[in-house]
Amino acid sequence: MITLNVNGKSLSYDGDEDMPLLWFLRENAELTGTKYGCGIGQCGACTVHIDGEAERSCTIPMAEVGGTNISTIENLSANGGLHFVQRVWIEEDVPQCGYCQSGQIMATITFLEKFPNPTDEDIDKYHTNICRCGSYDNMRKAIHKAAKLQAEGATS
Amino acid sequence: MSISRRSFLKTALTASGTLMIYAVAPPLAHAIATKAFALPFLEMDENGGITYISYRSDMGQGSPTGQAQMLFDEMDADWNKLVAVKEGLAIDRDYYQDGLATVGAVSTFLGWKNHRRTGANLREGFKISAAGRWQVPSERLTTKNSVVTDPVTGKTFQYHDLFDTITDVFLPADAPLKSKSQATLIGKPIPQLRSRERVTGDAKYGMDVNFPGLKVAMIERSPVSGGKVNNYDAEDALKIKGVVDIIEVSNGVAIIADGFWAAKKARDALKIEWDNGDYETQSSQSIAAQLKDMLDNPMESKDLTGDAKTLIAEDNGQILTGNFSFPFVAHATMEPMNCTAWVTDEKCEIWAPTQSKLVALEEVVKFLDRNNQDINLHTTLMGGGFGRRAQEDFVIEAVEVSQKSGHPVKLIWTREDDMRHDYYRPACELRIQAKLDDENKLIAWDSAIGYVNPGPYHFIPEIRELHFGRMIGFAGQEPAYKIPHQHYSQGYLDTPMTVGILRGISHGYTNFSVEVMIDRMAALGNRNPLELRAELLKENPRALKVMQALQEINTNNPVQKEMARGYAFAFEGKPGIDYQYYSGHMADVSKTPDGSWKVEKVWVVADHGRVINPNGFTRQIQSSIAFAMSMMRSGVITVKNGVVEQGNFDDYPVSLIGDVPKNVSIKLLDNGAHPMGCGEKMQAGIQPAIANAIEKLSGEEVTGIPIRSLL
Ligand code: FES
Ligand code: FES
């Protein structure tokens, strides 16, 4: 039996421990904001925070997540408001189809913790989530704008 | 109110005080629209909140936003009162005037007519209604932001104050449309609708459909295109916990399980013996060889004007020959194919992320041999389309699995399924011979193409057997340039490997080859490439203006050292018809230390008619650049022993944020012509501009895509 904390709730699981966390989140916890795009850690659509680190949940088996704290895209607006990264995402009109954007946002939040004042080169090198719609231009602007808000004290 | 010939709008007030507005599609002469029917178009609640019902698929290209802008503008409705966008249900294709596939330019191109017309008639309806209440002539009333005002008395009515009477008002059919300068929303950079749900994870895509009892299904399909199941052994697979059933279906063997992981594990444990059929002897090389052979032994050929072949055979002037080769290309939409279906004895409910809801519905009707009325097809949001979702294959698969297994199923394609069983952009070979006379004038053009035939897989089933169906494989072969002698030939190869439409269709390779040849000709004749194009386009005023605007940008922005600049022109249509657009492209490319190429800057000048939403338009150009660059650098599907070799983003890499140019400059020449939209239209010009720059930089001839490194 594996127990883990997802978005502040304690959940348990006693199925196949090889199953990637992604499918636990989408099917067992019914949190479908986290997306499946490749299943091999290439695209980042499945990005969630595990103990505060951005991870690609399609490559993390359930066996490894016992006792962890997991936060998904749904957690950001759990109290009805939006996280500042979500807000700039709307302001900069980033989403096209939107399918990749949960992962993009989750990746950006931890990226900005590590690079509070990112250069374009930092973004090029460390923001590696795929957006097949190519929303990259708006996204780059949104990341810079979010960094500014963070510097001004925005926390959520 | 009865539906008369004068009015194509119908209203009804519900018990809860919501005004429902229906648009009536008139019957057409051709087979797909023989009956007139009303379809829900708008709902206005008692507080004036408006729900717009969209019949086009929303895959991120922004069509619901643009269409609502057209409607609200003409209606003089308050944009802030747009409370929701609802998906229009596919009911019966006879209800509509077209196949309602969301492909090409239709949302904008066709939406332009019916959305503005509907909006204008409603606006007039509200005016007539208010005029009746006030007993004043309607001509003196004005409308703005969902309010009718009488400027003489200063009295106002909100639109929703008028619901009682508008139901009795005879809505006009031909209210005047606004001029460009009167527009309030058309042409404004309004953010895309539904962004909030797309950043919170609330947006529901096909993959997210869920209800109690729903199972996950997965199909193991023949690795070799066209192969069939000989027999299979499911013993080990059935032992996997969570597996519910394993059955044979038309396309292979289906696993039905409680969830994705159990289905996938079971599928890995299945043992299937395939009858591979003929295609197992084929590879990318053998296909290319057959296509190349068609260049010399065409199946169709024609002299469009003059006698190009004879001229080219003559021993004078200069002959330029270009050989080009293009591989299969996959769509790789962010959300892999999927569909949820629940077939019972009486009913069939379908939730499909489809670009082609009516074709999908019709094919289900045929497949199940049931009445349309017993089938509900809901279109979900979709994670990208790029043409892939115009095919109905994945919908039929889900319906078959549900019907045969008796379970409601969400059929999920893994990324590998998606990449190995795509409707690829056809592989093709092209050869162009051009002749310059002694004054370096382009006088003869001979173009030969061999392509894998998408006709039999056309997204509109009725035209699968027609010549017209093959158009998506060779459209764009004939340039817009004025050339006195032109000859064209083609051959097409039928394969069990499915091919179809991919963003920009065949223009992606036909126009690519044309534009590379034009830059080469300019170099050979020592001409400015844009002036040469302008000269060849001088009889097409809109195209000419685009070239002149690009030339001005070119002159004002000299190429930096260590970079090379390439040019291209792209178009569809011709003067005199609504369906025409023109774009000019310029790209600066540099060489990276590791011998690869980097696009530094891209310029696009576009005349796609009226621009509905400059924000959306610009985003689609950006999107197209990322898409084009994926394809040029690495978007290659290869076949070995009849099997597609790539399966995921590790062996089919696509553009990341760091791969696309940061510097993109866009100039939109909105001259007021019929709007064309932009979603798929840019592929044809971006790639050849980049290719031409690469050719200059490397001194090596570009022979198609991919272009991985500089020599
Ligand atoms: S689905 Fe996890 S990285 Fe693509
Ligand atoms: S918005 Fe469509 S994949 Fe990113």
Q: Salt bridge or not for Asp120(A) and Lys662(B), using N-O below 4.0 Å?
A: no
Q: Give the minimum heavy-atom separation between Trp413(B) and Tyr36(A), together with the two atoms involved.
A: O-CE2, 3.9 Å
Q: When you compare the side chains of Asp137(A) and Gln622(B), does any donor N or O come within less than 3.5 Å of an acceptor on the partner?
A: yes
Q: Using non-hydrogen atoms and a 4.5 Å limit, figure out which bit of Thr414(B) sits close to chain A: side chain, backbone, both or neither.
A: both
Q: With only heavy atoms counted, which part of Asp650(B) is less than 4.5 Å from chain A, the side chain, the backbone, both or neither?
A: both
Q: When you check the gap from the basic side-chain N to the acidic O, do Asp93(A) and Arg619(B) get nearer than 4.0 Å?
A: yes
Q: So which heavy atom on Tyr205(B) is nearest to which on Cys97(A), and how close?
A: OH-O, 2.6 Å
Q: Below 4.5 Å, heavy atoms only, C-beta onward: do Ile40(A) and Glu416(B) meet side chain to side chain?
A: yes
Q: Less than 4.5 Å apart, side chain to side chain, heavy atoms only: is that true for Val216(B) and Glu27(A)?
A: yes
Q: Pick one of side chain, backbone, both or neither for Glu30(A), based on which atoms fall under 4.5 Å of a heavy atom in chain B.
A: side chain
Q: To the nearest 0.5 Å, how far apart are CG in Asn138(A) and CD in Gln192(B)?
A: 10.5 Å
Q: Looking only at heavy atoms and a cut-off of under 4.5 Å, which of Gly15(A), Cys43(A), Gly37(A), Gly39(A) has the most pairs with chain B?
A: Gly37(A)
Q: For the candidates Gly134(A), Cys100(A), Gly33(A), Ser135(A), which exhibits the highest count of non-hydrogen atom pairs separated by less than 4.5 Å from chain B?
A: Gly134(A)
Q: May I ask you to check whether over 12 heavy atoms, not counting those of Lys239(B), lie within 6.0 Å of atom NZ?
A: yes
Q: Side chain from CB out, backbone as N, CA, C, O: work out which of these in Ile105(A) comes under 4.5 Å of a heavy atom of chain B, or both, or neither.
A: side chain
Q: Please check if the side chain of Arg132(A) supplies one atom and the backbone of His331(B) the other of a donor-acceptor pair under 3.5 Å.
A: yes
Q: So, the side chain of Glu335(B) versus the backbone of Tyr99(A): is there a donor-acceptor pair under 3.5 Å, distance only?
A: no
Q: Test Thr32(A) against Lys204(B) for side-chain contact (heavy atoms from CB on, under 4.5 Å), laying out the working first.
A: CA-CA 8 Å; Thr32(A) 54; Lys204(B) 294 281 178 260; 3.4 Å; yes
Q: Quick check: closest heavy atoms across Ser623(B) and Cys133(A), and the distance to 0.1 Å?
A: OG-O, 2.6 Å
Q: Using non-hydrogen atoms and a 4.5 Å limit, figure out which bit of Lys264(B) sits close to chain A: side chain, backbone, both or neither.
A: neither
Q: Can a donor-acceptor pair be found, under 3.5 Å and without considering hydrogens, that links the side chain of Arg198(B) to the backbone of Gln96(A)?
A: yes
Q: Answer with side chain, backbone, both or neither: which region of Gln42(A) has an atom nearer than 4.5 Å to a non-hydrogen atom of chain B?
A: side chain
Q: Under a 4.5 Å cut-off applied to non-hydrogen side-chain atoms, are Phe260(B) and Arg26(A) in contact?
A: no
Q: OH of Tyr126(A): more than 12 outside heavy atoms within 6.0 angstrom?
A: no
Q: Side chain from CB out, backbone as N, CA, C, O: work out which of these in Met334(B) comes under 4.5 Å of a heavy atom of chain A, or both, or neither.
A: both
Q: State, with a plain yes or no, whether a side-chain heavy atom of Lys241(B) is found less than 4.5 Å away from one of Asp16(A).
A: no
Q: What residue in Gly62(B), Gly259(B), Ala332(B) has the most heavy-atom pairs under 4.5 Å with chain A?
A: Ala332(B)
Q: If you count heavy-atom pairs under 4.5 Å with chain B, which of Val85(A), Asn28(A), Asp18(A) comes out on top?
A: Asp18(A)
Q: Given a strict heavy-atom distance threshold of 4.5 Å, which part of Asp58(B) is in contact with chain A: side chain, backbone, both, or neither?
A: neither
Q: Taking every heavy-atom pair that is under 4.5 Å apart, which of Ser195(B), Ala626(B), Gly242(B) has the most such pairs with chain A?
A: Ser195(B)
Q: Which bit of Leu82(A) is near chain B, if near means a heavy-atom gap under 4.5 Å: side chain, backbone, both or neither?
A: side chain
Q: So which part of Met207(B) gets closer than 4.5 Å to some heavy atom of chain A, the side chain, the backbone, both or neither?
A: both
Q: Check Ser655(B) against Tyr136(A) and note the closest heavy-atom contact, atom names and distance.
A: O-OH, 2.6 Å
Q: Among Val199(B), Ile657(B), Leu656(B), single out the residue with the greatest number of heavy-atom pairs under 4.5 Å to chain A.
A: Ile657(B)
